[in-house]
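What you are looking at is a predicted structure, and each value in this text was computed from that prediction instead of being measured. In this chain, residues are counted from 1 in sequence order.
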Amino acid sequence: MKKSLMALGTALMLGGTASAQKVTFEEFDLDNGLHVVLHQDNSAPVVITSVMYHVGAKDEQPNRTGFAHFFEHLLFEGTKNIGKGEWFKLVTANGGNNNANTTDDRTYYYEVFPSNNLELAIWMESERLMHPVIDQKGVDTQNEVVKEEKRLRVDNQPYGNLIKAVKENMFKVHPYKWTTIGEMEHLDAATLEEFLAFNKKFYVPNNAVLVIAGQFDKAQAKEWVKKYFSAIPKGAPVTRQKVEEAPITKEFKATWQDPNIQIPMLVASYRTPSMKTRDARVLDMISAYLSDGKSSKLYKKIVDDKKMALQIGAFNYSQEDYGMYLIYGLPMGENSTESILKEIDEEIVNMQTELISEKDYQKLQNKFESNYVSNNASVEGIADNLATYYMLYGDINLINTEIEIYRSITREEIRDIAKKYLNSNQRMILDYVPAKDKAQN
């Protein structure tokens, strides 16, 4: 799952304003609703072909979680014209590499090939959409793969269930309350017919965006896209019910026991608005101010100066419908999670009542300029960003203009947004503690 839990990168510009070339692109639609984006970059002889589907964990049923992530694996099993187990062999034999990732909101597949293999990549992605082989053998095979992934990355990983513990307490009705990897008993109970129905509903051209980025001939690319994708029938429109959470108006507490840890973790979690909002961008800046790098306020105070914690962090977990703002800490020595929370709250109150310094504000601006340049520094990054801005934000040109939003955020807004969302009566306090009986929740 491509979701960083760290705050926004640590690179700091050494002066002035960063500059980046404007990302140029061309868009068109096929009659079946597939949206196509072309970005030409002749700086290297490679081409990225990616498809993002607007389906994630939030599109699942409460008793069938993990489907979207499961399909990330299942749709590499093979197609009508690509034999079982042959997908990866075909890619590597032609000098390429590929991968996929899933979030609560979308699923993303991509291939990176030498530029002379664009037709192969386009054909393969059309095969994934038009002719997937979804049978019981493939489901059983991938079921074991996903179980092993969950054991390795979640169940046996120290603090591996942190996001699960937070989400299931922060969301009462919204499907963000479960994790992307889901529950294994749900996958075990699912029938082949349920997997086929999920594919039919969400894996349709009118629920996808195809991005081609790199060195290629546009006219030829358009011809191949039409040749291989036009025959795929349009699916029924994907409709989603809007689910709203009641505001948190009183601090509440929760506990999670983890058999893989020895040091308890404090987590303070606040519900925040959609990543599409200006407020979410301000919260990005607040997290960078609080914990991005060793000179950040929380790190310098709690880890460096007072030596109360081994680690401290704050990050804005942004998503399409809602977000969560998480602040966490690992106490050191005789210090308690309560004493760390007291220090954190002092810094938040300072931010809510006083403007951050001009020096800190300029540092934030430099940091976000640097992030903007690095996010568009590779063709792979540009392809991902084009798909994301089109599908989840509804404004593909944000790839060029979102930095203007960050540039326009003021010190007064940082104070006001901290005051709006980061109050003690609007949060959950999670005690993430070592399991007494070595049995997980």
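Proximity of Glu369 to Ile403: side-chain heavy atoms (C-beta onward) are separated by under 4.5 Å at one or more points. Side-chain contact check for Lys167 versus Met324: some heavy-atom pair is nearer than 4.5 Å. Between Trp256 and Val267 the shortest side-chain heavy-atom distance does not fall below 4.5 Å.
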Atom pairs and distances, donor-acceptor, side-chain atoms in residues 138-145, under 3.5 Å, two or more places apart:
| from | atom 1 | to | atom 2 | distance (Å) |
| --- | --- | --- | --- | --- |
| Asp140 | OD1 | Gln136 | NE2 | 3.0 |
| Thr141 | OG1 | Lys137 | O | 2.9 |
| Gln142 | NE2 | Glu77 | OE2 | 2.7 |
| Asn143 | ND2 | Asp188 | OD1 | 3.2 |

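For the residue pair Asn385 and Asn376, a side-chain donor N or O sits within less than 3.5 Å of a side-chain acceptor on the partner. No side-chain N or O of Glu60 forms a donor-acceptor pair with one of His186 less than 3.5 Å apart. For the residue pair Asp105 / Thr103, no side-chain donor-acceptor distance below 3.5 Å is found, with atom types taken as modelled.
Applying the side chain to side chain donor-acceptor pair (under 3.5 Å) rule to pairs touching residues 236-248 yields Asp59-Arg240, sequence neighbours excluded.
Taking the centre and axis of the six-membered ring of Phe76, the NZ or CZ atom of Arg128 falls inside the cone set by 45° and 6.0 Å. Annotation: cation-pi geometry satisfied between Lys172 and Phe252 (NZ/CZ under 6.0 angstrom from ring centroid, within 45° of ring axis). Geometrically, Arg64 does not engage Phe195 in a cation-pi contact, judged by NZ or CZ lying under 6.0 Å from the ring centre and within 45° of the ring axis.
The line from CG of Leu30 to NE2 of His35 is 10.5 Å long, rounded to the nearest 0.5 Å. Within the model, atoms OH of Tyr406 and OG1 of Thr401 stand 11.5 Å from one another, a figure rounded to the nearest 0.5 Å. Atom CD1 of Ile163 is separated from atom CG of Leu326 by 5.5 Å, given to the nearest 0.5 angstrom. Atom CG of Asp384 is separated from atom CG of Asn375 by 9.5 Å, given to the nearest 0.5 angstrom. Separation of atoms CD (Glu111) and CG (Asn117) is listed at 11.0 Å; rounding is to 0.5 Å.
Taking the six-membered ring for Trp, Phe202 and Tyr53 have ring centres at least 6.0 Å apart. Taking the six-membered ring where the residue is Trp, the centroids of Phe198 and Phe70 are separated by 6.0 Å or more. Between Tyr203 and Phe71, the gap from one ring centroid to the other is short of 6.0 Å.
Checked for salt-bridge contact, Arg106 and Glu320 miss the test: no charged N lies under 4.0 Å from a carboxylate O. Between Glu183 and Lys164 there is a salt bridge, with a side-chain nitrogen of the basic residue lying less than 4.0 Å from a carboxylate oxygen of the acidic one. The pair Asp104-Lys58 does not count as a salt bridge, with every side-chain nitrogen at least 4.0 angstrom from each carboxylate oxygen.
Checking side-chain atoms of Asn207 against main-chain N and O of His54 turns up a donor-acceptor pair under 3.5 Å. Put simply, the side chain of Trp87 never gets that close to the backbone of Ile82: no donor and acceptor are under 3.5 Å apart. Using modelled atom types, no side-chain atom of Asn400 and backbone atom of Lys22 make a donor-acceptor pair closer than 3.5 Å.
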- Message: Ser50 vs Tyr108, test: side chain to side chain donor-acceptor pair (under 3.5 Å). Steps then yes/no.
- Response: CA-CA 7 Å; Ser50 65; Tyr108 185 63; 3.1 Å; yes

